[in-house]
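To find a chain, count down the sequence lines: A is the first, B the second, and so on, and within it residues start at 1.
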Amino acid sequence: MTTIVKLAQMETRMFFRDRLSVFWTFLFPVVMIWLFGSMFAGNEVSDTAFAQMFVPAWIGVNIVTTSFFTLGTVLASYRETGVLRRYQSTPLQPWKILAAHTFQGTVIFSISAILLMVFGMLMYDLTIPEYWGSTLIALLVSIIAFFPFALFLTSLAKNTQAAAAISSLFLNLMIFLSGATFPLDMMPQVLQYVAKILPLYYVIEMLRGTWSEAPITEYGLDVGILLGIGIISVFLASRFFRWSGK
Amino acid sequence: MEAVITVENLTKSFGATQAVRGVSFSVRKGEIFGIIGPNGAGKTTTLEMIEGILKPDDGTIDVLGLVPSKQLNALNRRIGVQFQSTSIQKKMKVKEALNLFSSFYKQETQVESLIELLGLEEKLNVVFEDLSGGWKQRVTLALATLHQPEILFLDEPSMGLDPHARREMWTLIRTLRELGSTIVLTTHYMEEAEKLCDRVAMIYSGEIRALGTPSHLLNEHIAHCITFQSDHLNKEDLLSFPGVLKIEQNDADFRIFSDDQQLTAYHVFQYCHDKSIQLFNFSFERGSLDDLFVHYLEEEQIG
């Protein structure tokens with residue numbers, strides 16, 4: 001246990017030493033909300049209604065960012081540069097490495113979520129989630145779905161660049177097509193169907209819903225789909241996980 | 001002497017390529033054992049099978065009484081491995097790395113004495129990516145030896161180091177041996193094998209071609225030559241002299257490989273005396289492992 005905590009702590013420190021990852025994870029979403037806020041908030045919708053739309057959505061986007069970049073791409077680069085191989089010849093058990101990275105990912109994500117929420121509360125009178133217990137469950141379900149999903153997809157990459165490319169592709173697709181930035185009902189019918197293939201769609205629906213409308217029990221379908229993605233991904237990720245590039 | 005590693009008939013293929021074919025040898029406690037051979041000869045593959053990272057297709061391996069591919073965790077507590085050109089986290093400071101890797105072992109680790117031995121004191125707060133090649137090697141060597149491993153595996157420990165750093169690395173490796181580790185290393189620098197290793201195994205195309213102490217290998221095999229300079233000799237005339245095995249000529253420089261240096265030298269002198277040909281810089285040379293290396297490589301190409 002101490003090893004996992006130590007490793008997670010060390011990885012968290014590494015994360016903060018990398019200015020780019022700090023920018024994309026913590027500042028980029030805040031800037032985006034601020035940009036959209038200056039377009040919409042106070043004009044067509046009230047500040048609070050705007051924030052209830054956008055803050056949960058970008059918290060959802062940050063689950064994608066964390067799982068694809070903080071976890072997936074970093075592990076791909078560790079695989080390429082031999083960091084994981086070096087662990088392989090120590091008594092450190094493989095599951096502890098994954099546990100440490102998952103733990104670190106959760107910590108980083110939590111910080112970014114709190115940051116977004118506080119920003120929303122200060123700038124746009126965001127309320128705390130109405131069904132906060134449900135929101136926490138929704139977040140947990142989303143993490144269970146996305147972490148292994150991203151680990152599996154990035155482990156298909158031959159090297160770090162390929163992993164980063166896969167990650168960027170998924171992140172951009174999901175940002176624009178799952179309702180995080182543009183309301184889905186503004187989009188053509190076809191794209192609305194496409195949105196429903198993307199897992200982030202369900203995350204955002206759950207987060208927005210539990211924030212202001214109904215408890216998690218009303219979102220059984222979303223929870224089911226995400227848990228399904230999680231189970232399949234855990235299976236695939238452990239089946240295809242490799243410790244070295246060769 | 002007690003054997004700490006025994007390998008018998010080891011075989012490994014990757015697809016259609018046979019990387020290792022029927023390799024057998026043993027490593028004795030307390031020695032520095034070198035596996036040498038050209039790039040792609042199967043050195044790393046052999047090493048990784050002994051370390052338990054790769055599973056052999058055939059053959060048996062015994063390391064400290066354990067079967068590596070089956071008892072990897074037990075083995076990892078007792079061995080240390082420095083991989084070929086692997087890295088640690090780029091942004092990790094040296095002291096953080098030492099601290100982190102220490103936490104992987106249950107037993108007492110020797111961080112303090114290693115810092116002193118490797119001179120890492122001044123680099124403790126430097127992040128890994130800012131270190132030069134030589135320092136990176138020192139750090140990864142430290143990480144591999146934290147737990148005072150009984151066997152230390154070093155894959156190309158001096159690759160990419162300048163001659164000075166390489167000599168320092170040799171001194172360190174010898175010190176680690178004196179501190180009680182058996183050392184197994186791979187290299188393609190023949191000088192390294194000659195000066196550092198107690199015994200070497202030469203691997204070519206996945207097979208062991210020669211095994212023994214460096215001086216034994218040099219005595220047993222064609223590796224002795226006489227060298228001189230002369231303007232008026234040609235290779236063809238010299239080839240028929242008694243004892244001559246092979247001649248390398250580079251303008252006026254001659255290297256004659258012979259199984260009887262004295263006899264060959266006698267005939268060269270007599271021939272040149274009769275014909276009044278002048279010889280310069282004549283000397284007997286003990287060949288190097290380099291010559292042996294080239295010899296096997298040529299044999300390979302012909303065969």
Can you tell which of A:L92, A:D18, A:T90 has the highest number of heavy-atom pairs within less than 4.5 Å of chain B?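 Most heavy-atom pairs under 4.5 Å with chain B: A:T90.
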Heavy-atom pairs under 4.5 Å with chain B - which of A:E80, A:R13, A:M10, A:Q88 has more of them than the others?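 Highest number of pairs under 4.5 Å: A:M10.
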Any ion pair linking B:D198 and B:R28 (charged N to carboxylate O, less than 4.0 Å)?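 The answer is no: the pair does not qualify as a salt bridge.
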Tell me whether B:E150 is salt-bridged to B:R78, with the criterion being a basic N under 4.0 Å from an acidic carboxylate O.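 Answer for the salt bridge query: yes.
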What part of B:K93 gets closer than 4.5 Å to chain A, counting heavy atoms only: side chain, backbone, both or neither?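 Contact with chain A involves both backbone and side-chain atoms of B:K93.
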Is it the side chain or the backbone of B:F14 that comes within 4.5 Å of chain A heavy atoms, both, or neither?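 Answer is neither: B:F14 stays 4.5 Å or more from chain A.
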Taking the six-membered ring for Trp, are A:F146 and A:F170 closer than 6.0 Å centroid to centroid?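 For A:F146 and A:F170, the ring centres are not under 6.0 Å apart.
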If you tally heavy-atom pairs under 4.5 Å against chain A, which of B:R77, B:K90, B:M92 wins?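 Between B:R77, B:K90, B:M92, the count favours B:M92.
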Heavy-atom closest pair, residues B:G34 and B:C197: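 In terms of heavy atoms, the two residues are closest at CA-SG, 3.6 Å.
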A:S112 to A:T25 - nearest heavy-atom pair and separation: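 That closest heavy-atom pairing would be CB-O, 4.0 Å.
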